[in-house]
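Input: a single structure, listed below in structure tokens.
What's counted below: heavy atoms across the whole structure, side chains too, no hydrogens, waters or symmetry copies. To find a chain, count down the sequence lines: A is the first, B the second, and so on, and within it residues start at 1.
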There are 2 protein chains.
Amino acid sequence: MTRKKAGGHGPTIFDVARAAGVSYSTVSRIANNYEFVKPTTRERVEAAMRELGYVANVQARSLAGGRSQVIGLLVYDLASSYLVEIVRGIDDELSQLDYDLMLSTTHRRKHKEASVVSRLAQGVVDGLLIVLPRNLEAYVADLSQQHFPYVLIDYTGGDRASNAVRATNRVGGQAATDYLVGLGHRRIGCITGPLSVGCAQERLDGYAAALQAHGLAYDPALVVDGDFLEPSGHTALRTLLTLDQPPTAIFASSDSMAIGAIRAAAEAGLRIPADLSIIGFDDIPEAAADAVALTTIRQPLQEMGRIAVRLLIEHIENPDLPSSHIELPTRLIERNSCAPYRAG
Amino acid sequence: MTRKKAGGHGPTIFDVARAAGVSYSTVSRIANNYEFVKPTTRERVEAAMRELGYVANVQARSLAGGRSQVIGLLVYDLASSYLVEIVRGIDDELSQLDYDLMLSTTHRRKHKEASVVSRLAQGVVDGLLIVLPRNLEAYVADLSQQHFPYVLIDYTGGDRASNAVRATNRVGGQAATDYLVGLGHRRIGCITGPLSVGCAQERLDGYAAALQAHGLAYDPALVVDGDFLEPSGHTALRTLLTLDQPPTAIFASSDSMAIGAIRAAAEAGLRIPADLSIIGFDDIPEAAADAVALTTIRQPLQEMGRIAVRLLIEHIENPDLPSSHIELPTRLIERNSCAPYRAG
DNA sequence: GTCCACTTTGCAAGCGCTTGCAAAGCGGGC
DNA sequence: GCCCGCTTTGCAAGCGCTTGCAAAGTGGAC
């Protein structure tokens, strides 16, 4: 604790001011693109900055009320490719806009989230991107009240006051089920995500709606809970296969679960898609890479990240903008995991 | 630019001091775990902190010479699972140690790296983790000179002054090749990574060494350049298959390239492993998930991230520690992509 | 030449915190 | 009961920057 910060090394605004023969506030103004500066002065100062290799101290700037040019990203963890895809989109967009990224994973320690949020909102970051599935009303309310800019990604159930970016989950679930029905399937199983998570519920709703639209009964025995992760897809399929009349097609609410289900099917000696059709949701990179290339409903994950960033930065730059909810379309990607129904 | 920071909202150290009836420095000392504080005072102040929901302002703390409890991570981009795995390890360890992560991707914009580094080193972060394949001598020298703590991950060729964590690439390449020879293969192809990157060269060296150890000639025609990414593995294998005497086994210097190669082999009508054995390097998640489960040399990627974090934090807490180079062992993971050589 | 309305620059205060220094408390030995 | 040395607390300065306010400069209209 006695060590002096390494920071003391670089040139400060004062050094630049001295070198350019102006006051430090002039330097600050130039660094912040203030308009009323004589062009010759500006040039002189910029030359001095270049020469000294001046880099503004972000802490000081932000403490004094400026921007940090950092945006925060709050995610659950990095375990699923789904998240990594979103992060890629975010990172990509951010780097083009000259912002830095601060990544915080909450690792299911709910109690930590609130303090992380309040710390970040104190000026460490200029805005917050949040990809957490549930129960964020508490700090979201705080943020709103403080007029701190934030965007919710893939969160269903936020109030109208929040900026949000998500995909058309219900429509996607319906499209997946429609597709299976179109192939002639009548007993269609569904492996859901955790139903406390909005998008999982919406996908299930889409499934149910499609069934109804085609005059098929909703059979609760065909609907098994999962948690979006691969092992739960594996388990769920095994459960479904124990049924007297097992399904001939499955809609899995995430690709990871679909991949788990495919594995379970293979273990049970079923051929995909000949004996069992499976459709996923997300279109993570593994979906295309797997042995059986997975037919799935694509969510534009990277795109969601990119759009969230743009939305956030608009709101950082113009705090009075009304909040917006953006819904991105999902799309059916046909690969090799589904086939027409064959009796028997 | 006129908007006042949202930061003004939370309670400050002064509010806590007033509430607890002590001076602000006492509060600061308690927040920093200073030892000479009367237990009853400590309790009173901690109660006040809890009650007010006090969260230290990182900017101010770091500006005043304290720690930011943030460590920076500099990576090329997030495109490859290899990196994501390392990041997972880092994130995991960090969150247990109560540090935050600031992620910067350089996206091959070399010129940006230097300014990113100098900004971060000014106090935004307490230390730096660097996963960049090449040419970092310039700022690494700066960092060393400033006594700013940093750790290089998977970088070969750093000087002895840097902390570094890496895997035994040469030994791994040798083990892979040994294994193939042990299966009876004599014509063994090698798909390399970019040879300007240290670890790619080392793996190739291992390949050559194993060949020599077994009295096999090194045939340059069997060695094709790749760039660690999947498409280059695909291309490389096609090149190898045009040879008069194509190889019967391949050592790919990354799993992604191995997967690309497997795909190319399948397109050429070859069965893996019956007609062609392929071994990879890394053991990324896709390796196990692919249609043909990939035999590979595992690098303990998450472990590398974790160890790097621990090393970095040791050095942050004790700046005078001598630097250390840690080399983690690679290990052969047998799956289904390699088979004994069958003549014909 | 004077005055006014800009434009351009400088000064000072303050963002919330850490920490060296010094003052105040406290307990034990005599 | 007093002194000494330790523990405990407070004060002030300062980290590098932004920004409101006011002073200084500039140019055109009269």
Check this one for me: any side-chain N or O of [X] less than 4.0 Å away from OP1 or OP2 of [N]?
X      : N       : value
R61(A) : dT18(D) : yes
S28(A) : dT18(D) : yes
S25(A) : dA12(C) : no
S23(A) : dG10(C) : yes
T41(B) : dT9(D)  : yes
T26(B) : dG10(D) : yes
Y54(B) : dC17(C) : yes

Could you tell me whether the side chain of [X] and the main chain of [Y] form a donor-acceptor pair under 3.5 Å?
X       : Y       : result
N163(B) : Y150(B) : yes
N32(B)  : S28(B)  : yes
H325(B) : S162(B) : yes

How many whole angstroms separate atom [atom1] of [X] from atom [atom2] of [N]?
X      : N       : atom1 : atom2 : result
R42(B) : dT8(D)  : CZ    : C1'   : 12 Å
Y34(A) : dT19(D) : OH    : P     : 11 Å
N57(A) : dG14(D) : CG    : C1'   : 14 Å
E43(A) : dT8(C)  : CD    : C1'   : 16 Å
Q69(B) : dT18(C) : CD    : P     : 11 Å
L63(A) : dC17(C) : CG    : P     : 9 Å
N32(B) : dG16(C) : CG    : C1'   : 13 Å
Q59(B) : dC17(D) : CD    : P     : 14 Å

Run through E93(A), E85(A), R88(A) and flag the one making a side-chain hydrogen bond (donor to acceptor under 3.5 Å, both in side chains) with Q302(A). E85(A)

With heavy atoms under 4.0 Å as the rule, sort A56(A) into base, sugar-phosphate or nothing. sugar-phosphate

Do R29(B) and dG20(C) have a side chain to base donor-acceptor pair shorter than 3.5 Å? yes

Considering only NZ, NE, NH1 and NH2 on the basic side and carboxylate oxygens on the acidic side, decide whether D15(A) and R18(A) come within less than 4.0 Å. yes

Per nearest nucleotide of DNA chain D, the residue lying toward the 5' end, P39(B) or A60(A), is P39(B)

Nearest to the side chain of K38(A), heavy atoms from C-beta on, is which of dG14(C), dT8(C), dG16(C)? dT8(C)

